[in-house]
> 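First the structure, then my questions, so here it is.
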Amino acid sequence: MSLPDMRQLEEAALHAWEHAFEPDPASREKFYLTVAYPYPSGAMHVGHGRTYIVPDVIARFWRMRGRQVLYPMAFHVTGAPVIGISRRIARGDEKAIRLYRDLYKVPSETLERFTDPLEIVRHFSEEYRRVMTACGLSIDWRRRFTTVDPQYSKFIEWQWLHLHEGRHVNKGAHPVRFCPQCDNPVGDHDLLEGDKAEILKFTLVMFEWNDSLIPTATLRPETIYGVTNLWVNPDVTYVKALVDGVSWVVSREAAEKLALQDHEVTVIAEIPGTTLIDQVVRHPLCGAVPILPAKFVDPAMASGVVMSVPAHAPFDYIALRDLQAEGKYTAISPIPLIKVPGYGDFPAKDAVERAGIRHQTDPAMEALTQEVYSAEFSSGILFEQYGGEPVRQARESVAALMTEKYRSAVMYEFDTRPVVCRCGGQVFVKILHDQWFLLYSDPAWKSQVSEHLAQMTLVPAEVRTEFERTIGWLKDWACTRRVGLGTRLPWDPDWLIEPLSDSTIYMAYYTISHLLKECRPEELTPEVFDYLFLNKGSPPAHPDKERLDAMRREFEYWYPYDFRFSAKDLISNHLTFQLFHHAAIFPPRSMPRGMVVFGMGLLNGAKMSSSKGNVFLLEDAINEFGADTVRMFLVGSAEPWQDFDWRNDLVHSTKKQIERFWNMVQESLSAGGETTDADRWLLSRLQAHIVKTTEALERFQTRQALQEAFYAIDSDLKWYRRRLPPGMQGGSAYRALGHIWTRLLAPVIPFTCEKLWTDTGGEGLVSFAPWPIADPEKTDADLEMAEELLLRTLEDIDSIRRVLQITPTLITLCVAPSWKREIFSAVATSADKNTVIREIMKDEQMRKRGKEATETTRQCTTLIHRLPPAFIEQYLKGGINEMEIFQNARDFLERECAIPVRVVDAEESRHPRAAVALPLKPAIVIE
RNA sequence: GCGAGUGUGACUGAGAGGCCAAAAGUGACCGACUCAAGAUCGGUUCUCGCAGGAGUUCGCAGGUUCGAAUCCUGCCACUCGCACCA
């Protein structure tokens, strides 16, 4: 059988598909699906392939179901990454150049132009489009755009004016990780060290010392009432600095940090730690206390000075105890202030003693501190004289009081240090000003989103809890940037809109993007978009009202989108953000309907990663295996939401399977017109496969669909061929099957099927051919059961022969007699297995058989348990005549067994084994 | 650490209280066809068994049930997310 020339076949199909997938509003029902548009900063690998191919399979399926299907694509180019890449390439960074030249195979003359960031996205978006087309994606390329198109910017401006009006954006100060060397905030992925570090908010408690203030940093301001002393590290050099005009004493490091946190700082003098020891300081809430020496005080931690609450802080307790053991400061005793269940007056002391800790440096100290802190926070209550509030509340109220009356300030610090930037510099906390925030923390907004989420279809269902959690967890999002590509904030043009924030409702933009290209950007005022998307106001005085109305119709027709497809790592940002923005901008009838969340990709068992070079480029895969093979492998190796593993050996075998399919359909073209039982059986089975394939695709189960549409039919054909009379190549059903089979597989392997469709006499493109519909008339359950019975019997014969050591010369099948069938039916229909035997024995004929009858009842009970319920149900309907089935199939059975086969009624046989015959399980006698 | 999810035979992966020794595909082995290799086709692939059977398995340890890969509890391992970044 000649194999298809895939390349030629692909070219022919691509030619036929040109402009075929450019849907306009129609009277038919629509199906609008979107994917997260790519950021084209590198070449596509096979992982990307799946992201776009799975939705394409779904798109093609619904198109064949008669829907008007829209599958658009665009390119996300806003943000900073390409700027970084172009800089690295410009400065000759080896690693970047290797990645682009060797892995992504960018020609050197193109690479030279990559010093311009726009060249990078231009190059790769062209590549994306080329490769996506080669994959057979049924995308409407007329609607393609990039996020720096001037029309798109107008759309973003419109959206943001609404967000502003709706009070969803606000300006504020915000602490961020900041690298003074880079002069920029640093994200997680920019850190060499300390990527787990969180920013903690300390309260600076101001102690007075001579003409200066000594700020001690604490997370527990309420413990001020129990302060017995301060701790200062005698080995550290402190500084006296003017902070906003007031003299403070802090560590040198602290002075630098404070300068980044909204303070004007001038260092005046150095003060050795030793100078501070034994000095006396005052605070209105605890009176005068001395400064004591402690080595554990870290100058890099917040202000470098801490207050000591030995009753409640294990570190403080043990440090004081150690000093007192040397006979120093014996006059100081811990001051309790919090009542905690499970502890005495001095929780720190209890904890230390319970844990048997002897020394400050004991590694268990951290955990112990945490234990005491959490206990006090969750169930501690301040003593009456300190207000009697639970710690939880007191923490807030005491901090507020100190800020208001006692000059306390806030200082941010990391919980773990050091934090190091990719450039090697130390990272600090800086307070950014004038930053704009999307107020995702707004409870009203959150609940609006939650309510909508409850009505959405989510696939797989398990992701719902993750979405719910994300909605609850989201805090305000800093949504503006100073650097990068993007649209400027309309009311504050010094800021650029952050790239995740400009990609939230662009699915609406697709509906009109092809028509917008004709519009001059300056015509696209907010009123125009209000009219288009919100049906607000009358059409503004626009030079081309007809075009506006055409756009309105597009939007009204397509929106809302039916499904959005995206990888699961986007749940906690993009996928949830877009719900917030839809809720803020659109009325309920335009809200998204569903989302499908994908798993991640592996390559030969290891995580795919461009930076590690562990990628397989999609274009290479297509060239090597053919687009259909790549498609079939990607949708067939795992369901969309599962992680999948690209393995070359499995891809190879996928290619062979497509070839087998091709051969079988070609072969079916020459099949004869005779109709045998096997043909009726094949058609009957096919109806079920049609139903199951359809249901699977409706649920996005592409793997399941392929299992039914390919492997299940394939294995039916194996049996079919076995059943055909010798010499017969294939009957009428085989021929009919080819025509249907081609359509069932068309969404997955459209290139191959386009050609086969033509060959099998289909009209037009298979891409638009009607999806097969199961014909219940063709289903014959009795026939299917008869074949199943034959198969089971053959298996039984086989398993006997395997253990048998004689060479058999004759097989006798002994069919169960009618009285056994009666018992079988009685057992199968009885509700109570315990009384059934009594019922049976009421019959006189059965009583005569005595022990034989009870034994048969027992055997039937066991057998019924072991057979599929559907099988038994069908048997009870009465259309099965075992004797007839086996008699009719005698030729077949003899062929299979290669020895004579006799079929008799069990009662006619004198062989002792004949007695074990049961309905659906004839006794087999091999001699 | 916190949150969500996953853990099945050599591998990928069905399975959602009795049809389960557990689908399908891959791999491996054996046969057929070939001068031969490949492709293709047929068979076998947990252990034992001279009659269609029995035994031991579904991350680990318990529990519920007449009965558990499937339900519950605990533990272990892996994946994803934890934000100013696409």
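Naming: A, B, ... by sequence-line order, numbering from 1 per chain.
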> When the nearest nucleotide of RNA chain B is assigned to A870(A) and to I924(A) on a heavy-atom basis, which residue is associated with the more 5' position?
A870(A)
> Polar atom pairs between nucleotides 30-34 of chain B and protein, under 3.5 Å, N or O only, would you list them?
none

> Give a yes/no on whether any side-chain N or O of R464(A) is located under 4.0 angstrom from OP1 or OP2 of A4(B).
no
> Ignoring backbone atoms, test whether Q642(A) places a side-chain nitrogen or oxygen under 4.0 Å from the OP1 or OP2 oxygen of A14(B).
yes
> If you only use heavy atoms from C-beta on, which nucleotide in G13(B), C50(B), C84(B) is closest to the side chain of A478(A)?
C84(B)
> Do any N or O atoms of the protein come closer than 3.5 Å to N or O atoms of nucleotides 54-59 of chain B, and which pairs are they?
none

> Do other residues, nucleotides or ligands put more than 12 heavy atoms under 6.0 Å from the CZ atom of R895(A)?
yes
> What nucleotide among C41(B), U6(B), G49(B) has an atom nearest to a side-chain atom of V803(A)?
G49(B)
> Would R723(A) pass as a cation-pi partner of F892(A), given that its NZ or CZ must be under 6.0 Å from the six-membered ring centre and within 45 degrees of the axis?
yes
> May I ask you to establish whether R792(A) and F871(A) are in a cation-pi arrangement, using a distance under 6.0 Å from NZ or CZ to the six-membered ring centre and at most 45° from the ring axis?
yes
> Between G13(B) and G7(B), how far apart are the two C1' atoms, rounded to whole Å?
13 Å
> To the nearest Å, how far apart are F75(A) CZ and A86(B) C1'?
15 Å
> Look through every strand shown and name the nucleotide pairing with U44(B) as Watson-Crick or G-U wobble, where both distances are under 3.5 Å.
A28(B)
> If you only use heavy atoms from C-beta on, which nucleotide in C19(B), U44(B), A51(B) is closest to the side chain of R802(A)?
U44(B)
> When you get a sec, tell me which of G52(B), G25(B), U26(B) is the closest nucleotide to the side chain of I800(A)?
G52(B)
> May I ask you to list the residues of residues 650-658 of chain A, by number, that have any heavy atom positioned under 4.0 Å from an atom of RNA chain B?
L650(A), S653(A), K656(A), Q657(A)
> Closest approach to the side chain of Y711(A), judged atom by atom: which nucleotide of A24(B), U44(B), A86(B) is it?
A24(B)
> When you measure from the side chain of E466(A), which nucleotide among A86(B), A51(B), A4(B) comes out closest?
A4(B)
> Side-chain donor or acceptor of D796(A) under 3.5 Å from a matching atom on the base of A51(B)?
no
> When the distance from CG of D643(A) to P of U79(B) is rounded to whole Å, what number comes out?
10 Å
> Over how many whole Å does the gap from L789(A) atom CG to C19(B) atom P extend?
20 Å
> Nearest whole Å is fine: how far is C85(B) P from R482(A) CZ?
14 Å
> Would you say the side-chain atoms of H76(A) and T147(A) include a donor-acceptor pair closer than 3.5 Å?
no
> At under 4.0 Å, does any side-chain N or O of T465(A) touch on OP1 or OP2 of G5(B)?
yes
> Look at the side chain of S572(A) and decide which nucleotide, out of A51(B), C84(B), G81(B), has an atom nearest to it.
G81(B)
> Is the shortest heavy-atom distance from the side chain of F414(A) to the side chain of I199(A) under 4.5 Å?
yes
> Nearest 0.5 Å, please: how far is CZ in R481(A) from CD in E498(A)?
5.0 Å
> Return the nearest nucleotide to the side chain of V916(A); candidates are A86(B), U79(B), G52(B).
G52(B)
> Among the candidates A4(B), C50(B), C41(B), find the nucleotide nearest to the side-chain atoms of R469(A).
A4(B)
> Would you confirm whether the ring centroid of F565(A) sits within less than 6.0 angstrom of the ring centroid of F700(A)?
yes
> Does NZ in K201(A) sit with more than 12 non-hydrogen atoms of other residues, nucleotides or ligands closer than 6.0 Å?
no
> For the side chain of R722(A), counting heavy atoms from C-beta on, which of G13(B), G43(B), U26(B) is nearest?
G43(B)
> For the C1' atoms, the ones on A36(B) and on A69(B), what distance do you get once it is rounded to whole angstrom?
47 Å
